[in-house]
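First comes the structure, then the notes that go with it.
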Amino acid sequence: MERIAEQYLSQFPVERFSQQLLDWYDQNKRDLPWRKDRDPYKIWVSEIMLQQTQVDTVIPYYQRFMARFPTLTELAEAEEEEVLKYWEGLGYYSRARHLHQAVKEVQERYGGEVPQDRKTISKLKGVGDYTAGAILSIAYDLPEPAVDGNVLRVLSRLLLIDQEVDSVRTRRLFEGIALRLIPEGRAGDFNQALMELGALVCTPKAPQCLTCPVWDVCRAFQEGKQQELPLKSRKKNPKTVHLVAGVVTFEDRVLIRRRPEHGLLAKMYEFPTVEWHEQGPLETICRHLQQTYQLKIGQAEQWSSVQHTFSHLIWDVTVYRLSLLEANDTFVLGDLGRWERIDALDQFPFPVSHQKIRKELQKKKNSLFNA
């Protein structure tokens, strides 16, 4: 792999490219909250949040999160449910759980100091090759590559690399190339400059080649192939799953449950939800509530449907508001669920799809119970 990397960089003006890119970055870098200092904890949080999420989306979440957990110690000492609540709406909740677990490990094993070597930091939960490289280079200015989607795109065009960028082998190649491009003394700035170039100029569609600071050394631009790169393998279309959610109310309370400790949206709260097939959504949710909670449903009203797209599947959720036929013993649910006041639901972390249902319930609360 090292030999292949050297072949791509043969006759490439490494020093000139690096200087042009850094000069551009110094003049054009965005004013982002995690760039205010080199605190490795803050950089770590920002990098986890930025995974598969746009910068503009992340900024308010990052600011709110850091206002509540300004230090690694405060995050390590927090309850997981509160951490998830402050992550609510950002999605990919396993990132928050893994970050929380890793921060606690750093607090306990390393005295609250984020490790400064790749081998150690890469053992932390949720810290992959890219995140490790980003923290080590930006916080500690160590010459470590940080190859994300932006960097893959920039380098594939810059060096005319026509290999599928989503394979492990190709990613290793790009990491080797990125390492050889890092100039001495400015590893963090260089890695951020590559990412910034991909975000602002060398974009996935319609790259701004004529305003690019390194257009004169870009091999794809010279051959008119910038629109063809990077190459990616074809992904399968996400599978649609039909679900039904039951908003079961009793007086000023509603039934919610916590999802299992493992799997999709682990430990998040939701309204009772189950997949339906031939039997139909209303019959399915009523049977589920009877079998799981011993609840007998009286009236049912279909509210709406909610769709949410994950990377690999689409949730199509039909929502019913349900009232109880019998109210006896409805507060004895064990570990299966809990009755909570509607006004108190904002205290619990819900996934985006169920946030929509929660907001609809809170909006209709007065009409439901004053009728």
Quiz item: Is the centre of the W315 ring less than 6.0 Å from the centre of the H308 ring?
Solution: no

Exercise. Indicate whether the side chain of Q302 and that of R321 have a donor and an acceptor atom separated by less than 3.5 Å.
Key: no

Self-check item: Candidate list R338, Q347, R259, test side-chain hydrogen bond (donor to acceptor under 3.5 Å, both in side chains), partner Y269, passing option
Solution: R338

Exercise. For Q107 and T73, run side chain to side chain donor-acceptor pair (under 3.5 Å): C-alpha distance rounded to whole Å, both residues' side-chain angles, the deciding distance at 0.1 Å, then the answer.
Key: CA-CA 7 Å; Q107 181 72 9; T73 299; 3.2 Å; yes

Exercise. Write down the atom of I182, the atom of P143, and the distance for their closest heavy-atom approach.
Key: CD1-C, 4.0 Å

Quiz item: What do you reckon, are the aromatic ring centroids of F65 and W87 less than 6.0 Å apart?
Solution: yes

Quiz item: Which residue pairs satisfy the salt bridge (Lys or Arg N to Asp or Glu O under 4.0 Å) criterion with at least one member in residues 84-100, sequence neighbours excluded?
Solution: K85-E88, E88-R358

Quiz item: Do Y140 and R38 have a side chain donor and acceptor closer than 3.5 Å?
Solution: no

Quiz prompt | Short side-chain donor-acceptor distance under 3.5 Å, Q163 and R169 | solution = no

Exercise. Would you tell me whether Q27 and D23 have side-chain atoms, one donor and one acceptor, within less than 3.5 Å of each other?
Key: no

Practice problem: Could you check if a side-chain atom of V147 sits within less than 4.5 angstrom of a side-chain atom of R171, using non-hydrogen atoms only? | Solution: yes

Self-check item: E270 and R257 ion-paired at < 4.0 Å
Solution: yes

Exercise. Could you verify whether a donor N or O on one side chain and an acceptor N or O on the other, from E47 and Y130, lie under 3.5 Å apart?
Key: yes

Practice problem: Kindly state whether the ring of F310 and the ring of Y92 have centres lying under 6.0 angstrom apart. | Solution: no

Quiz item: What distance separates T170 OG1 from I4 CD1, expressed to the nearest 0.5 Å?
Solution: 9.0 Å

Quiz item: For E113, does the CD atom sit with more than 12 other heavy atoms under 6.0 Å from it, leaving out its own atoms?
Solution: no

Self-check item: Sidechain N-carboxylate O distance under 4.0 Å for D26, R186
Solution: yes

Quiz item: Do you see a donor-acceptor pair shorter than 3.5 Å between the side chains of T71 and E74?
Solution: yes

Quiz item: According to the ring pair (Phe, Tyr, Trp, His ring centres under 6.0 Å) rule, which pairs have a member within residues 2-29, sequence neighbours left out?
Solution: F12-F17

Practice problem: Would you kindly say whether Y110 and E105 are connected by a side-chain donor-acceptor distance under 3.5 Å? | Solution: no

Quiz item: Taking only residues two or more places apart in sequence, or in another chain, which ones meet T240 in a side-chain hydrogen bond (donor to acceptor under 3.5 Å, both in side chains)?
Solution: none

Quiz prompt | Nearest atoms (heavy-atom pairs only) where R30 meets R35 | solution = O-NH1, 3.1 Å

Practice problem: Check the side chains of T131 and Q51 for a donor-acceptor pair under 3.5 angstrom, ignoring hydrogens and angles. | Solution: yes

